Engineer: 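Attaching a single structure in structure tokens format; questions to follow.
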Amino acid sequence: MRGDDQQQGAMWSYISPERRVPADHPLRPIREMVNVVLKDMSQGFGRIYAREGRPSIPPEHLLRALLLQVLYSVRSERMLIEQLDYNLLFRWFVGLNMDDRVWNPTTFTKNRERLIDAAIADKFFERVLVMAREAGFLSDEHFTVDGTLIEAWAGHKSFKPKGSTDDDTDDSGNPTVDFRGERRRNETHESTTDPEARLYRKSHGTESKLCFAGHVLMDNRHGLAVDGRLTEATSRSERESGLEMAQEIARGSGVTLGADKAYDTRGFVDGLRELEITPHVAAKVRHSAVDGRTTRHPGYAISQRKRKRVEEIFGWLKTVALLRKTRHRGKRRVGWMFRFALAAYNLIRMRNLAWGSP
């Protein structure tokens with residue numbers, strides 16, 4: 001018998017969002033881990049809010065919502081709020097009831113500086129790492145370091161001589177700019193949209209972009225990011241950040257650090273040896289700083305094979321987390337989102353490891 005295509009607005013619903021989400025939904029284990037992390041951070045949240053006044057949007061709701069934005073590649077906070085209004089899965093994950101009113105998108109803007117000043121992304125990232133260590137997903141021996149470029153929210157037309165006041169009057173919204181033949185350098189030019197972005201290209205034959213440099217330290221055993229930071233894009237930023245992050249894993253003999261050929265310099269290799277870290281750096285064909293003392297061991301070949309997994313982290317950040325071109329301006333804001341997205345990647349990786357996925 002054919003059913004009727006009729007829809008009647010029901011006045012009451014007796015099914016909670018908890019019952020509507022399947023028991024085997026991939027978000028369930030992530031939500032459980034996030035709830036544990038946020039519970040541990042609850043005392044810190046209390047210190048960044050006033051004791052009197054109107055109740056604010058709970059920071060736990062804001063962080064869960066931002067986590068959804070990263071996990072589901074939501075392009076803007078306005079679109080995220082729109083989905084929170086009608087998407088039962090999103091409401092359940094954030095912690096909203098069926099009839100709870102969704103807040104205004106500008107709430108993220110008003111609370112972002114508070115969260116950045118309190119280093120909430122760093123604390124969230126560290127608490128996720130503690131959970132991974134307790135679950136046995138982290139080792140203390142073998143690591144990989146690498147860097148990538150995060151394109152800034154600024155265009156080439158905004159890259160002008162410092163102190164320049166020249167404005168084209170043909171089109172104030174999208175002026176005609178001809179910089180052919182002009183020598184443009186970071187020492188003499190800066191972006192009027194994001195002054196902290198730097199014009200840089202990572203290799204010969206590629207175009208220069210206004211960008212930042214993102215750096216990740218990865219655990220080789222399970223592919224988790226154990227450290228990450230965002231810096232200005234320079235020719236030395238990868239090696240300098242690599243040595244800074246290496247100091248956090250220096251625990252005596254037995255620690256190895258893999259890297260690609262860009263790290264094969266005398267300063268970087270000697271710096272690792274001073275920290276008693278074995279430099280498993282890909283050796284250049286000529287004038288390599290890595291010699292047979294390192295390359296002859298079987299562990300060197302294993303590190304060279306494992307280090308390629310760091311590209312999976314960068315690939316996820318740029319495609320799923322939408323960090324190929326950042327939506328924020330300034331190193332503080334972009335760096336905050338970079339660390340938060342790394343924490344989101346670790347949560348997914350931990351879920352997959354718990355499920356037995358490779």
Side-chain angles (χ1 to χ4, degrees), residues 30-31 33-49 56-77 80 93-95 105 107-133 138 147-148 150 152-153 194 196-197 212-219 224-232 241 244-245 248 313-314 316-318 320-351:
I30 293 179
R31 188 174 188 266
M33 291 186 287
V34 170
N35 287 344
V36 173
V37 171
L38 294 180
K39 184 178 180 180
D40 293 339
M41 297 173 61
S42 179
Q43 187 174 358
F45 290 142
R47 289 194 291 266
I48 64 176
Y49 285 85
S56 67
I57 305 298
E60 293 88 348
H61 286 187
L62 294 176
L63 290 175
R64 290 195 194 100
L66 288 175
L67 194 58
L68 284 174
Q69 185 180 19
V70 173
L71 295 176
Y72 281 85
S73 309
V74 183
R75 295 196 307 271
S76 69
E77 290 160 0
L80 175 63
F93 188 87
V94 170
T107 302
F108 290 106
T109 305
K110 295 176 181 178
N111 284 273
R112 182 172 287 112
E113 289 303 317
R114 178 187 285 119
L115 298 177
I116 292 176
D117 291 340
I120 295 300
D122 294 338
K123 296 174 182 177
F124 187 84
F125 180 82
E126 291 166 3
R127 287 303 308 167
V128 171
L129 282 184
V130 170
M131 185 179 296
R133 191 175 301 279
L138 287 181
T148 190
I150 306 296
W153 191 258
D194 189 348
E196 294 186 272
F212 297 95
H215 313 277
V216 170
L217 182 69
M218 181 193 71
D219 170 62
L224 291 170
V226 297
D227 200 354
R229 58 194 63 192
L230 188 115
T231 65
E232 292 182 352
S241 297
E244 290 175 3
M245 292 188 290
E248 304 297 327
I313 300 178
F314 292 142
W316 188 90
L317 291 177
K318 291 189 175 184
V320 178
L322 300 180
L323 281 179
R324 183 180 301 277
K325 186 180 182 71
T326 178
R327 302 180 302 277
H328 303 282
R329 300 175 187 175
K331 192 167 64 175
R332 287 180 71 243
R333 295 185 179 185
V334 179
W336 194 93
M337 284 304 303
F338 184 76
R339 291 273 287 186
F340 189 73
L342 281 178
Y345 176 85
N346 282 346
L347 288 170
I348 291 181
R349 186 77 189 124
M350 290 164 60
R351 180 204 62 192

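Bear in mind that the values here come from a model prediction, so they are computed numbers and not experimental data.
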Engineer: Does any donor atom in the side chain of Arg114 or Asn111 lie under 3.5 Å from an acceptor atom in the other side chain?
Structural biologist: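 Side chains of Arg114 and Asn111: pair found under 3.5 Å.
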Engineer: In Å and rounded to the nearest 0.5 Å, what is the CZ to NZ distance from Phe212 to Lys331?
Structural biologist: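 It is 8.5 Å, given to the nearest 0.5 Å.
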Engineer: Please name the pair of heavy atoms, one in Trp153 and one in Thr326, separated by the smallest distance, quoted to 0.1 Å.
Structural biologist: CE3-O, 3.0 Å
Engineer: Examine distances only and state if a side-chain atom of Asp219 and a backbone atom of Ala225 form a donor-acceptor pair shorter than 3.5 Å.
Structural biologist: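 Looks like no, no N/O pair under 3.5 Å.
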Engineer: Are side-chain heavy atoms of Leu38 and Phe45 found at a separation under 4.5 Å?
Structural biologist: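 A side-chain contact under 4.5 Å exists here.
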Engineer: Indicate the atoms forming the closest heavy-atom contact of Ala344 with Val70, along with that distance.
Structural biologist: CB-CG1, 3.9 Å
Engineer: For the residue pair Arg64 and Glu60, establish whether any side-chain heavy-atom pair is separated by less than 4.5 Å.
Structural biologist: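 Answer yes - side chains close enough.
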Engineer: Does the side chain of Arg351 reach to within under 4.5 Å of the side chain of Ile348, using non-hydrogen atoms?
Structural biologist: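 Result yes, sub-4.5 Å side-chain heavy-atom pair found.
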Engineer: Just how far is it from atom CZ of Arg332 to atom CD of Glu113, taken to the nearest 0.5 Å?
Structural biologist: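 Between atom CZ of Arg332 and atom CD of Glu113 there are 5.0 Å.
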Engineer: Ignoring hydrogens and angles, tell me if any N or O in the side chain of Asp194 forms a donor-acceptor pair with the backbone of Gly330 under 3.5 Å.
Structural biologist: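 Between the backbone of Gly330 and the side chain of Asp194 there is a qualifying donor-acceptor contact (under 3.5 Å).
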Engineer: Side chains of Thr148 and Lys318 only: does a donor on one sit below 3.5 Å from an acceptor on the other?
Structural biologist: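 A pair is found: one side chain offers a donor N or O, the other an acceptor, under 3.5 Å apart.
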Engineer: Would you find a donor on one side and an acceptor on the other, under 3.5 Å apart, between the side chain of Ser73 and the backbone of Val320?
Structural biologist: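 Indeed, once roles are kept as given, a pair shorter than 3.5 Å links the two residues.
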Engineer: Can you find a pair of side-chain heavy atoms, one from Arg329 and one from Glu196, that are under 4.5 Å apart?
Structural biologist: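 Not touching, per the 4.5 Å side-chain cut-off.
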Engineer: How long is the straight-line distance from CE of Met218 back to CG of Asn346, given to the nearest 0.5 Å?
Structural biologist: 11.5 Å
Engineer: First locate atom CG of Leu323, then atom NE2 of His328, and finally report the distance between them rounded to the nearest 0.5 Å.
Structural biologist: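 Spacing of CG (Leu323) from NE2 (His328) equals 8.5 Å.
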Engineer: Does the Lys123 side chain pair with the main chain of Ala118, one donor and one acceptor, at a distance under 3.5 Å?
Structural biologist: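 Pair found, side chain donor or acceptor close to backbone of Ala118.
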Engineer: At their closest point, which heavy atom of Ala343 faces which heavy atom of Phe124, and how far apart are they?
Structural biologist: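 Where Ala343 meets Phe124 most closely, the heavy atoms are CB-CD2, 3.6 Å.
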Engineer: Taking all heavy atoms of Ala341 and all of Leu317, pick out the closest pair and write down the distance.
Structural biologist: CB-CD2, 3.6 Å
Engineer: Please give me the minimum heavy-atom distance between Leu342 and Gly228, naming the atom from each residue.
Structural biologist: CD1-CA, 3.7 Å
Engineer: To the nearest 0.5 angstrom, please state how far the CG atom of Leu63 sits from the CE atom of Met41.
Structural biologist: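 Here the interatomic distance stands at 6.5 Å.
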Engineer: Is the positively charged end of Arg339 above the ring of Phe125, judged by distance under 6.0 angstrom from the centroid and angle within 45° of the axis?
Structural biologist: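 Here Arg339 passes the 6.0 Å and 45° test against Phe125.
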Engineer: Give the intermediate values and the outcome of salt bridge (Lys or Arg N to Asp or Glu O under 4.0 Å) for residues Glu244 and Arg229.
Structural biologist: CA-CA 10 Å; Glu244 290 175 3; Arg229 58 194 63 192; 3.1 Å; yes
Engineer: Side chain to side chain contact (heavy atoms under 4.5 Å, CB included) between Leu67 and Phe340: does it pass, once the steps are laid out?
Structural biologist: CA-CA 8 Å; Leu67 194 58; Phe340 189 73; 4.2 Å; yes
Engineer: So, does Lys325 use its side chain to make a donor-acceptor pair with the main chain of Ala152 at under 3.5 Å?
Structural biologist: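 Yes; judged by distance alone, with no hydrogens or angles, the pair exists.
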Engineer: What heavy-atom pair brings Arg75 and Leu322 nearest, and what distance separates the two atoms?
Structural biologist: CA-CD1, 3.9 Å
Engineer: Could you give the distance from CG (Leu230) to NE2 (His215), rounded to the nearest 0.5 Å?
Structural biologist: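 Those atoms lie 7.0 Å apart.
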